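Numbering starts at 1 and runs along the sequence shown. These figures come from a predicted structure and were not determined experimentally.
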Amino acid sequence: MGARTWRAGWRWLFLAAVLGSARSEGVQSCEEVRKLFQGRLAGALRGLPDAPRAGPDLQVCISKKPTCCTRKMEERYQVAARQDLQQVLQTSSSPLKLLISRNAATFQETLETLIRQAENYTSILFCNTYRNMALEAATSVQEFFTDVGLYLFGADVNPEEFVNRFFDSLFPLVYNHLINPGVTDNSLEYAECIRVARQDVSPFGNIPKRVMGQMGRSLLPSRTFLQALNLAIEVINTTDHLQFSKECSRALLKMQYCPHCQGLTLSKPCMGYCLNVARGCLAHMAELNPHWHTYIRALEELSNAMHGTYDVEHVLLNFHLLVNDAMLQAHVNGHKLLEQVNKICGHPVRTPTQSPPCSFDPNKEKHGMKISVRNGEETLANRRKDFINSLRPYRSFYGGLADQLCVTELAAASGLPCWNGEDLVQSYTQRVVGNGIKAQSGNPEVKVRGSDAVINQIIDKLKHVIQLLQGRSPKPDKWELPALGSGGGVAEQVSGDCDDEDGCEGSGSGEVKRTVKISRWMPDDLNLSDVKHVHQPDGGSILDTAGARRAAGADPVALTLMGVLVTIAVLW
């Protein structure tokens, strides 16, 4: 006897044994069915059959044979079948949901840390280099980074407005301490006049415009990225608790619990039968698949594009360098600015003033100014890359969900006797349909009608966020901040190419990248004599960061340390 013939004979012997055992058990008693019903559904034993009997009142588990089920049992089994499918769906989606929710929380926490770090960098810049105005500038710095955080995390604030507000509030301080220091007009009216005059006299050159461009390039895609992750969690939560149709509920009952009525408590559905039922019940959910696939691809494209001036980490941690360049430019053009302000606001009342000392203590801050070379494993960009790599296998999650449920959870193993909806058989002989609504017209087990309103809403949301993700990709080389609230939007589009206005040339060419990791390292060849300074009337010294960067060349660590350590050395 050949191996194939032996295996076939063994299968039929096993099938005959199972059939004989089940039928014999059914004829004798319903005890096993009663126990399982009570254990699974916490059902009372009263009213449950002790022995098989006719079931003319059954609606789904109809059989010519005696049955261990009643109409009430059938109703309870139908509820249990729906709950079982929802539980299996939640189990299948749990790794995906955990992956997205954990990374969404990690990205938000990392962005919050970067904002605090950038705020500390800016505060320390004022304390070390512009100590006389540091206390007065603290509120403006804090408000600016508060607005950055609000915008990143979805609030209705306008980046153009808070960038302008920061530089407007900075100009009166620069005017009083760098351009016309020592004795100033303390009146609020005069300070307000200087603040309003900022956009007319342009004391900071093109740096506010450069900041606006960099904030647009970096904050907007990061904000959209977080919004997209939150939508993904909403999609999974919705599909985890999807309500199934009456036809689906009846098909699930017939597949999972009708065998119990015949005493076949250990049987599982045939693979083809399970696929027809699962694909019918999840037909509307399968319609999500092409949109989900496009969503993940768009998320990946945006993540890959977020580097350089599109990288929020790079932009935030270099913001203080642009602030320093802005104040240096105002100081260099001080004589011209003094004349312009006098024409607009008049001559100030000469009143002696005493500037309060800087009160910022970085040692008391949880995230003090720690300089380090950029560690590839710790950057936000690399975290996004790792996340996308982990997310990529789930691109066809909704298209293959029904198949996954049958293969891993519901259906009988290949070659074993299985339930076909009526009896135990060797194999399922009906036609097996495909996934999706169109394929269900020939489904012999489940009738699929119309569309699902909840799924349609999710598809609309996915389409919307896909448009946002694709719109934030720098492929067109054009970025524009959207108009939010009543303040209007940014009038100009900002080119995606790195040009002089972006800080890639001239005094901004030395922008460097940092992480929050502590690193105590200093290049041996750092030459402090190459750094230029502009002396202030109060005896302090402004670090010429443009000259420092040119002196440091292309060494990013030298550039970073020169922006802080040299300043401290000069002042102390």
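- By the neighbour-count criterion of 12 heavy atoms within 6.0 Å, atom CD of Gln142 is sparsely surrounded, having that number or fewer from other residues, nucleotides or ligands.
- Counting only residues at least two apart or in different chains, side-chain hydrogen bond (donor to acceptor under 3.5 Å, both in side chains) contacts with residues 246-260 comprise Arg40-Tyr257, Arg82-Ser249, Asp84-Tyr257, Glu247-Arg449.
- Taking both residues in full, the closest heavy atoms of Trp292 and Ile100 are given as CH2-CD1, 4.2 Å, listed atom of the first, atom of the second, then distance.
- Here the shortest heavy-atom pairing between Asn276 and Arg431 reads ND2-O, 2.8 Å.
- For Cys68 against Ser29, the heavy-atom pair with the smallest separation is SG-O, 4.4 Å.
- A salt bridge links Lys65 with Asp423: at least one charged nitrogen is closer than 4.0 Å to a carboxylate oxygen.
- Contact check on Glu143 versus Arg165 returns no salt bridge, with no Lys/Arg side-chain nitrogen under 4.0 Å from an Asp/Glu carboxylate oxygen.
- Of the residues Val315, Leu219, Val312, the one that meets the side-chain contact (heavy atoms from CB on, under 4.5 Å) test with Val148 is Leu219.
- Side-chain contact check for Asn230 and Gln227: no donor-acceptor pair (N or O, by modelled atom type) lies under 3.5 Å.
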side-chain contact (heavy atoms from CB on, under 4.5 Å) between His293 and Ser396, worked out: CA-CA 6 Å; His293 189 282; Ser396 299; 4.0 Å; yes
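- Between Thr106 and Glu109 the shortest side-chain heavy-atom distance does not fall below 4.5 Å.
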Please output the side-chain donor-acceptor pairs of residues 280-288 that fall under 3.5 Å, not counting sequence neighbours, one pair per line with the distance.
residue: His284; atom: NE2; partner: Gly450; partner atom: O; Å: 3.1
residue: Glu287; atom: OE2; partner: Ile437; partner atom: N; Å: 2.9

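- Between Leu226 and Leu111, the shortest heavy-atom distance links the atoms CD1-CD1, 3.7 Å.
- Under the disulfide (SG to SG under 2.5 Å) criterion, the residue pairs touching residues 383-417 are Cys274-Cys406, with sequence neighbours excluded.
- Closest non-hydrogen pair, Val465 versus Tyr295, comes out as CG1-CD1, 3.8 Å.
- The side chain to side chain donor-acceptor pair (under 3.5 Å) test applied to Thr224 returns Arg472, not counting sequence neighbours.
- Within the 4.5 Å cutoff, side-chain heavy atoms of Leu299 are placed close to those of Phe387.
- For Leu266, the CG atom sits in a loose shell: 12 or fewer heavy atoms of surrounding residues, nucleotides or ligands are nearer than 6.0 Å.
- Scanning both residues, Val432 and Gly272, for their nearest heavy atoms gives CG2-CA, 3.7 Å.
- Looking at Lys385 and Asn304, their side chains never bring a donor and an acceptor atom within 3.5 Å of each other.
- By the ring pair (Phe, Tyr, Trp, His ring centres under 6.0 Å) test, Phe319 pairs with Phe144, Phe145, Phe166, sequence neighbours left out.
- Annotation: disulfide (SG to SG under 2.5 Å) contacts involving residues 77-113, sequence neighbours excluded, are absent.
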